[in-house]
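Everything on this sheet refers to the single structure shown next.
The sequence lines fix the lettering, A, B, ..., with proteins before strands; numbering per chain opens at 1.
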There are 2 protein chains.
Amino acid sequence: MEIENLISFKEAKACPIQFVLAVNDTLNVISGKWKLPIIGSLLFEKRRFTDIQRNIPKITPRMLSKELKDLEMNGMVKRTVYDTTPITVEYELTESAKLLGDVLDKMLEWGLQHREATIAKN
Amino acid sequence: MEIENLISFKEAKACPIQFVLAVNDTLNVISGKWKLPIIGSLLFEKRRFTDIQRNIPKITPRMLSKELKDLEMNGMVKRTVYDTTPITVEYELTESAKLLGDVLDKMLEWGLQHREATIAKN
DNA sequence: ATTATCGCTATACAAAAGTATAGTAGTATA
DNA sequence: TATACTACTATACTTTTGTATAGCGATAAT
């Protein structure tokens, strides 16, 4: 996380190691069993804790709490506490996280083509 | 891996669950500590086992072997055995795997912008 | 008084992923 | 005869990741 790690697209593409590191940055932000469902749940609207929990049936509060903290630390999610009774806490994607949508689109597209390509070979 | 899982891009984008499933397909193919380095190592040329090992200094043969099998099973890598002495085994990316390059480009691009965006907020 | 809701945390455990280290079979070179 | 190369496999272990289950403190409704 040091400044020296700041590299440009060109530099990263030219050097395989920098390339892998930079792509890994993205990968880390969405890896794990629950990050994608959580991001998916927040893609179109803000939500509260219990709200997300209901939206992702099998997640435990422990995991949801942990992953939300993780996402917050990585600049993916903004957490806002409202002093109501009972307390309400709202989670929403940051602007940067919303841009991830484009990447996910590409992943979706490739995933579908790859499935067709590999099934075709059987 | 059943036919019923075959869905279109439009269907997948419309339905959050299908969306997450299809993106996960892509994610699974590149997740784990060593898949990206291995794919990176094979992006521009075919390589042999020991060759890849030298290219990725800290990988153990156990991990390399396991991940290569995994990648082969997922239609990412083609393995060819040559009956020389000693035996040579060549690994190369499939056509479908090479297309993943575009996705990785997007991930690289987003990773760099995200890093700048989150550093800017400190 | 009991139950429910909100947003979690604590503890203990199981499963998955990765590491360390050694060794294999076959051939070939010093 | 000893060592090295190729392409791995075997065994045992540690670390990371995820699960299961229970409970907390504040408030409010029944």
Side-chain angles (χ1 to χ4, degrees), chain A residues 20-21 23-42 45-74 76-93, chain B residues 20-21 23-42 45-74 76-93:
Chain A
V20 166
L21 287 177
V23 175
N24 251 324
D25 270 14
T26 304
L27 221 40
N28 288 336
V29 146
I30 52 179
S31 73
K33 187 170 177 183
W34 299 111
K35 297 238 176 68
L36 213 50
I38 293 170
I39 291 169
S41 165
L42 295 174
E45 42 185 332
K46 310 175 176 187
R47 280 177 196 273
R48 287 179 293 148
F49 192 91
T50 320
D51 201 8
I52 305 173
Q53 223 187 143
R54 270 191 288 265
N55 205 236
I56 308 173
K58 294 186 183 171
I59 198 169
T60 61
R62 184 190 193 276
M63 274 297 121
L64 182 53
S65 171
K66 190 188 156 285
E67 297 294 53
L68 282 171
K69 267 178 198 158
D70 233 71
L71 288 166
E72 200 191 348
M73 263 194 20
N74 289 324
M76 292 291 291
V77 157
K78 195 187 156 208
R79 180 176 182 268
T80 315
V81 183
Y82 295 97
D83 195 10
T84 55
T85 51
I87 200 177
T88 41
V89 181
E90 234 177 35
Y91 295 92
E92 62 185 307
L93 295 186
Chain B
V20 166
L21 286 178
V23 175
N24 253 324
D25 269 13
T26 304
L27 222 40
N28 288 335
V29 146
I30 52 180
S31 72
K33 187 171 175 182
W34 299 111
K35 296 237 177 68
L36 215 49
I38 293 170
I39 291 169
S41 166
L42 295 174
E45 41 185 334
K46 308 174 177 186
R47 281 178 196 271
R48 286 178 294 148
F49 192 92
T50 320
D51 202 10
I52 304 173
Q53 222 186 144
R54 270 191 288 264
N55 205 237
I56 307 173
K58 293 185 182 170
I59 199 169
T60 62
R62 184 191 194 277
M63 273 298 120
L64 182 52
S65 171
K66 189 187 156 286
E67 298 294 52
L68 282 171
K69 267 179 198 158
D70 233 71
L71 288 165
E72 200 191 347
M73 263 195 18
N74 288 325
M76 292 293 289
V77 158
K78 195 187 155 209
R79 181 177 182 267
T80 317
V81 183
Y82 295 97
D83 195 9
T84 55
T85 50
I87 200 178
T88 42
V89 180
E90 236 176 34
Y91 294 92
E92 62 185 307
L93 294 186

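A side-chain donor-acceptor contact under 3.5 Å links Asn28(A) to the backbone of Asn24(A). No donor-acceptor distance shorter than 3.5 angstrom exists from the side chain of Lys66(A) to the backbone of Arg62(A), with no hydrogens or angles considered. Arg79(A) contributes no side-chain N or O that, together with a main-chain N or O of Glu72(A), makes up a donor-acceptor pair within less than 3.5 Å.
Taking atom CD of Gln53(B) as the reference point, atom C1' of dT6(D) lies 10 Å away to the nearest angstrom. Computed from coordinates, the Arg48(B) CZ to dA7(D) C1' distance equals 10 Å when rounded to whole Å.
Taking 4.5 Å as the limit, every side-chain heavy atom of Val77(A) sits out of range of all side-chain heavy atoms of Ile38(A). Proximity of Leu42(B) to Glu92(B): side-chain heavy atoms (C-beta onward) are nowhere separated by under 4.5 Å.
Close approach of DNA chain C to chain A, defined as any atom under 4.0 Å from a non-hydrogen atom of the protein, starts and stops at dC6(C) to dA12(C).
Rounding to the nearest 0.5 Å places NZ of Lys69(B) at 11.0 Å from CG of Leu64(B).
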- Task: Let me have a per-nucleotide readout for nucleotides 11-30 of chain D, 5' to 3', with B, S or -, counting only protein heavy atoms under 4.0 Å.
- Result: BB-----BBB------SS--

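In this model, the phosphate group of dA7(D) is approached by a side-chain N or O of Thr50(B) to a distance below 4.0 Å at OP1 or OP2.
The heavy-atom pair separating Val29(A) from Leu71(A) by the smallest distance is O-CD2, 3.8 Å. Taking all atoms of both residues into account, the shortest heavy-atom contact from Ser41(A) to Arg47(A) is O-NE, 2.8 Å.
Across all strands shown, Tyr91(B) has heavy atoms under 4.0 Å from sugar-phosphate atoms exclusively, and none from any base.
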